[in-house]
Amino acid sequence: MKQSLTELQTRDLQHVWHPCSQMKDYEQYPPIVIKKGQGVWLYDEHNNRYLDAVSSWWVNLFGHANPRISQALSDQAFTLEHTIFANFSHEPAIKVAEKLVTLTPDGLNKVFFADNGSSAIEVALKMSFQYHMQTGKTMKKRFLALTDAYHGETLGALSVGGVGLYNEVYQPLLLDTVRAQGPDCFRCPFQENPGSCQAQCIQFVEDELRQHHEEITAVIIEPLIQAAAGMKMYPPIYLKRLRELCTKYDVHFIADEIAVGFGRTGTLFACEQAGIVPDFMCLSKGITGGYLPLSAVLTNDDVYNAFYDDYGTMKAFLHSHSYSGNTLACRVALEVLTIFEEEQVIDMIKNKGERMRKLAKQAFEELPFVGEYRQVGLVGAIELVANRETKEPLPSEERIGYQLSKRALAKGLLIRPLGNILYFMPPYIISDDEMDFMIDTTKETIMQFFEEREGVSCSNDNQHCHL
């Protein structure tokens, strides 16, 4: 049955094309119009509230309408909102670059600003390719990426992505990427435990590098968590061994920390947990705490020096965006980085992550339709399956994750699924009571849904759900 629409919903559907959506779904389930945010909560036009358990697509770190960040943005807006960034600069960008160089792994001394995650990926890909062209390695024209990878929606980023849902239709337009089987700890082909394995699955990457390294310019990877693939998590040793392979075979290592950076994995940057330094680190999302679009690509002096020459040599990196180094976004990013320094945020993430892990394991691990609960830092994922013993996936055409998310919204919880994986990536300021609500409501939603399915018993002593 169609819902009656409010005036704003009607106007929205007349003109707005929403992202990552089949717009026909909105006939039965119109967009919720949000009027304000406060802390971890979003409030709609009827004053119903929803706990934002996905940080509004993984960008919000310190809550909606954060007083400290809002004040910094307001102050900057009355001074300078934006200026061309070619041949000009401004103090917020300079300070952000200085802090990023200090906070990221040693050796990443140069910062190139862009304005979203996909753009950062494009910058890194182009820089790596042009570097090799300008250092005499002209055969290096391809990239190596993992299965199930996600790196953005522009054509270059889609080319190194591995989730068919997003890039399959565009295959005729995409770069010829070398693809290696990525880590899958839930369905490990080596039957290893991620807590003790030696990343035997890195052999799939090495096989491709051994064969193609002379034509590969860079390997690109999401450190520790392949997010859009369903929050697939793997141990730091995989990154360590990949770094060794990239050095051995003379290819760049591009770390896409867009989703996992700024504390999400329990350290400021995921690469820290492997003790590695990538050749390029791409940052975005949380860099502004969910306030404004901004991204940055950090790289080393060796890469930078390959572009540094007289203009006539045409070695300059001539990539640009109108809003590169936007002053407002940089000022907000500066405030976010200052909050990390002054408020012991990493310790807070670790403490809340431990609490979330304990609550979630108690709530989900014994449920017969949960194949696994996994967590890194303050990112948790529930993998729903048809059979726990065989790990048989639920039928994708039934859109069970989507149905669960709608039910959760009716209870005041925003959890956007990745297929049949439900995940938590809440703002760091989430309180104990709010975390309890998030976990309890998710469990209640899952239990009620499966109990209503014909022929399904979801008591904890069952081994699986019969669909």
Side-chain angles (χ1 to χ4, degrees), residues 3 6 8-9 12 16 18-21 26 29-74 231 259 262-264 285-293 332 335-336 339-340 343 345 348-349 351-353 355-357 359-360 363-364 375 377-382 401-402 404-418 422-446 448:
Q3 299 181 26
T6 68
L8 286 172
Q9 287 175 322
D12 176 286
V16 178
H18 288 270
C20 204
S21 300
Y26 288 67
Y29 192 52
I32 296 171
V33 179
I34 299 299
K35 299 288 284 187
K36 69 174 184 177
Q38 186 66 52
V40 300
W41 298 96
L42 295 168
Y43 295 80
D44 70 14
E45 55 185 321
H46 304 294
N47 209 37
N48 299 311
R49 69 175 191 170
Y50 310 90
L51 193 150
D52 187 359
V54 299
S55 292
S56 289
W57 253 342
W58 319 345
V59 298
N60 192 290
L61 304 186
F62 302 119
H64 297 282
N66 180 282
R68 182 168 174 174
I69 301 174
S70 296
Q71 187 63 55
L73 174 60
S74 175
M231 298 300 169
F262 300 102
R264 289 292 183 192
K285 289 193 182 289
I287 194 171
T288 63
Y291 269 69
L292 289 169
V332 167
E335 195 66 23
V336 167
I339 290 172
F340 271 100
E343 298 188 12
V345 175
M348 177 176 68
I349 293 169
N351 292 334
K352 292 187 178 184
R355 186 174 190 276
M356 188 170 87
R357 185 189 305 275
L359 290 174
F364 306 119
Q375 184 176 322
L378 205 51
V379 182
I382 307 161
Y402 176 69
L404 289 168
S405 69
K406 290 195 297 182
R407 289 177 175 235
L409 270 175
K411 299 175 184 291
L413 177 66
L414 168 54
I415 46 172
R416 184 177 173 86
L418 294 163
L422 305 178
Y423 70 90
F424 307 122
M425 196 186 285
Y428 302 152
I429 62 162
I430 188 169
S431 70
D432 287 354
D433 287 345
E434 289 163 344
M435 186 179 291
D436 291 344
F437 173 80
M438 179 180 75
I439 299 294
D440 293 344
T441 303
T442 302
K443 179 178 180 179
E444 178 183 282
T445 301
I446 295 171
Q448 289 177 352

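Counting from 1, the numbers follow the sequence of the chain as shown.
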For this session: Start with the C-alpha distance between Val40 and Phe437, add both sets of side-chain angles, then the distance that settles side-chain contact (heavy atoms from CB on, under 4.5 Å), and finish with yes or no.
Result: CA-CA 12 Å; Val40 300; Phe437 173 80; over 6 Å; no
Exercise. What residues form a side-chain hydrogen bond (donor to acceptor under 3.5 Å, both in side chains) with Gln375, not counting sequence neighbours?
Worked result: Tyr373
Problem set entry | Trace of the side-chain contact (heavy atoms from CB on, under 4.5 Å) decision for Ser55 with Lys285 | CA-CA 10 Å; Ser55 292; Lys285 289 193 182 289; over 6 Å; no
Check this for me: does any side-chain nitrogen of one of [X] and [Y] sit under 4.0 Å from a carboxylate oxygen of the other?
| X | Y | result |
| --- | --- | --- |
| Arg68 | Glu343 | yes |
| Asp52 | Arg416 | no |
| Lys35 | Asp44 | no |

For this session: Evaluate the side chain to side chain donor-acceptor pair (under 3.5 Å) criterion for residues Gln448 and Lys443: first the C-alpha distance (whole Å), next the side-chain angles of each, then the deciding distance (0.1 Å), finally the verdict.
Result: CA-CA 9 Å; Gln448 289 177 352; Lys443 179 178 180 179; over 6 Å; no
Polar side-chain atom of [X] near backbone of [Y] as donor-acceptor pair, under 3.5 Å:
| X | Y | value |
| --- | --- | --- |
| Thr442 | Asp440 | no |
| Asp12 | Leu8 | no |
| Ser56 | Asn60 | no |
| Tyr291 | Asn66 | yes |

Exercise. Could you go step by step and tell me if Glu444 and Thr441 meet the side chain to side chain donor-acceptor pair (under 3.5 Å) rule?
Worked result: CA-CA 5 Å; Glu444 178 183 282; Thr441 303; 5.8 Å; no
Problem set entry | Worked verdict on Phe424 versus Met356 for side-chain contact (heavy atoms from CB on, under 4.5 Å) | CA-CA 9 Å; Phe424 307 122; Met356 188 170 87; 4.2 Å; yes
Exercise. Hey, what's the ring geometry for Phe62 with Phe340, parallel, tilted or perpendicular (30° and 60° as the breaks)?
Worked result: perpendicular
Exercise. Do the non-hydrogen side-chain atoms of Tyr423 and Trp58 ever get within less than 4.5 Å of each other?
Worked result: yes
Exercise. Side-chain contact, heavy-atom cut-off 4.5 Å: Glu335 with Val332?
Worked result: no
Exercise. Checking side-chain contact (heavy atoms from CB on, under 4.5 Å) for the pair Leu61/Arg264: CA distance, chi angles, key distance, verdict?
Worked result: CA-CA 9 Å; Leu61 304 186; Arg264 289 292 183 192; 3.5 Å; yes
Exercise. Do you know which two heavy atoms are closest between Met231 and Ala381, and how far apart they sit?
Worked result: CB-CB, 3.6 Å
